[in-house]
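Every heavy atom of this structure was used, including side-chain atoms; hydrogens, water molecules and symmetry mates were not. Residue numbering restarts at 1 for every chain, and letters A, B, ... go by the order of the sequence lines.
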Protein chains: 2
Amino acid sequence: MTEPVVAPGRARGGRRDEILATFTRHVAERGYDRANFGDVATELGMSKGTIVHHFGTKDRMLAEVQERYMRRRLEEAHVLLSRLTAPEQRIAAFVHAGVRYSTEEPATTVAFQREVVRLTDEPGMETARAQRDAYRDLVVAVLRDGEADGVFVPGDARLRSLQMFGSLHWMWTWFDPAGRLPAQDVAAEFCRTLLRGLGVGEVAVAAAADPDGPVARCVAEVCAPRG
Amino acid sequence: MTEPVVAPGRARGGRRDEILATFTRHVAERGYDRANFGDVATELGMSKGTIVHHFGTKDRMLAEVQERYMRRRLEEAHVLLSRLTAPEQRIAAFVHAGVRYSTEEPATTVAFQREVVRLTDEPGMETARAQRDAYRDLVVAVLRDGEADGVFVPGDARLRSLQMFGSLHWMWTWFDPAGRLPAQDVAAEFCRTLLRGLGVGEVAVAAAADPDGPVARCVAEVCAPRG
DNA sequence: CTACTCTGCCCGTACGTGCGGTCAGTTCAC
DNA sequence: GTGAACTGACCGCACGTACGGGCAGAGTAG
């Protein structure tokens, strides 16, 4: 019925990635519970058994999606922190990067954001959870440093990080990567409101939020697709 | 095995609300897809058939949960807007109310927030979607008014409302109503960062964010449990 | 080169289970 | 009687996954 694109046995370890990508897209579109092996297999013209062969269980597959996503995010974050030093630029970079990902890799991003809650309780998600926590700790540290330096007004850094991540993680429910609204505009507006809210002066806010400014350019370089 | 609390046929029209409350809690804990009639029925010591008798389908049940939730939120919102007139107080009120709900009615709130995405596509959710949109429109209008009055610095009101709702709606993934952190503290910190980010002066920010201030008191009165 | 074995990728099928929803029938209030 | 509340048995299906086998290519002995 469905002819395989590649001759069987011919693919050099390649099917695995295809499966993961398709599965990721289905999770993004329908959520984990409604995503199923049958549909993924049909779409790729293969058998359900193949998926099981490569990944074992559905849980493991989701865990791998989450871990891959967070690994890249963490790598980016460290590079960004090494290139930018001012606290307000660092925070702006996290925001720009967070928004940017929604357009660069919408499927992976949405799949991750929809199913983050599974990181907290589900077993087998320890690695991904640790990665997520490490990422948030980076942001909290920047907030604390900025506070110590007098760049940010005093406040609860942890709550502020959650407020910030909330805005970004919620994007999957309303943002359309193919829509009219450019992601840059979202990033700029989010940056402005957030940085001003942290007590950063208007000049620094404008520079850090600018889609064509140094921070956004730095993020664009670091977060190039297929890093 | 499980003895019914009330003799069958004896309940005076009351079981329906019990069912909805239990279902809501299950949705909050596990998500809609994993919540099922069997567990709800067992917990209430009744048959699955009873649930079907009252609600028809699972979809309808979720729709009713969403509609009830949004109806109360909208009623509150209108009262709050009638009692508070300053834009920064109105925005602060929305934040205080949003956070407050997480502790007053955690199950309903989480159930709603987890499954908001179904409002966008799923059929049968038109009413709830309209309510949600109406609610957001109220906030957008306040943001625009405040901008026109010069209380808020110019910016994209729609994006700002989404930034704000993101922070609040994401709470279900990390906030524990029974935990150490008081909801008031969250509301206060969120208010401060947001209002400052909108360009409100420090004095007005402090007053509007204060958990014991006039705005928070007004919200506490309006959003009393079992309104 | 030939013949063989081994191995990893992949297929198709079948099984078990869990769940949403149906239905005929009973009980009880009015 | 009438109708609403409720029951318990049952259906059909969707889905995760276990299993047995097929097939191509690499390695290896002769």
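Here D:dG16 is the nucleotide among D:dC6, C:dC11, D:dG16 with the atom lying nearest to any side-chain atom of A:Asn36. Nearest nucleotide to the side chain of B:Thr50, out of D:dT7, C:dC11, D:dT17: D:dT7. Listed nucleotides: C:dG20, D:dC6, C:dG21. Nearest to the side chain of B:Thr57: C:dG21. Closest contact between the side chain of B:Val52 and the listed nucleotides D:dT17, C:dC9, C:dT22 involves C:dT22. If you check D:dC6, D:dG16, C:dC19 against the side chain of A:Phe37, the one that comes closest is D:dG16.
Between the side chain of A:Lys48 and the base of D:dT17, at least one donor-acceptor pair of N or O atoms lies under 3.5 Å.
One finds no salt bridge joining B:Glu75 and B:Arg72 here, because no Lys/Arg side-chain nitrogen approaches an Asp/Glu carboxylate oxygen to under 4.0 Å. Using a 4.0 Å cut-off between charged side-chain N and carboxylate O, A:Glu122 and B:Arg34 make a salt bridge.
Computed from coordinates, the B:Met46 CE to C:dT27 C1' distance equals 16 Å when rounded to whole Å. Going from atom NE2 of A:His54 over to atom C1' of D:dT17 covers 16 Å, rounded to whole Å. Straight-line distance from the NE2 atom of A:His53 to the P atom of D:dG16: 19 Å, rounded to whole Å. Distance B:Ile19 CD1 to D:dA5 C1': 10 Å, rounded to the nearest Å. Rounded to whole Å, atom C1' of D:dC15 lies 12 Å from atom OH of A:Tyr32. As a whole-Å value, the separation of B:Asp33 CG from D:dC15 C1' is 13 Å. If you take CD1 of B:Ile51 and C1' of C:dT22, they are 15 Å apart, rounded to a whole angstrom. Residue B:Lys58 contributes atom NZ, which lies 18 Å from atom C1' of C:dT22 at whole-angstrom precision.
None of A:Leu168, A:Thr109, A:Thr108, A:Val110 except one satisfies the side-chain contact (heavy atoms from CB on, under 4.5 Å) rule with A:Tyr101; the exception is A:Thr109.
Residue-environment remark: CZ (B:Arg30) exceeds the threshold of 12 foreign heavy atoms within 6.0 Å.
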Check against ring-ring contact (aromatic ring centres under 6.0 Å, His included), B:Phe23 and B:Phe55: CA-CA 11 Å; B:Phe23 175 72; B:Phe55 295 94; 7.8 Å; no
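Using a 4.0 Å heavy-atom distance criterion, A:Ala41 is classed as making no nucleic acid contact.
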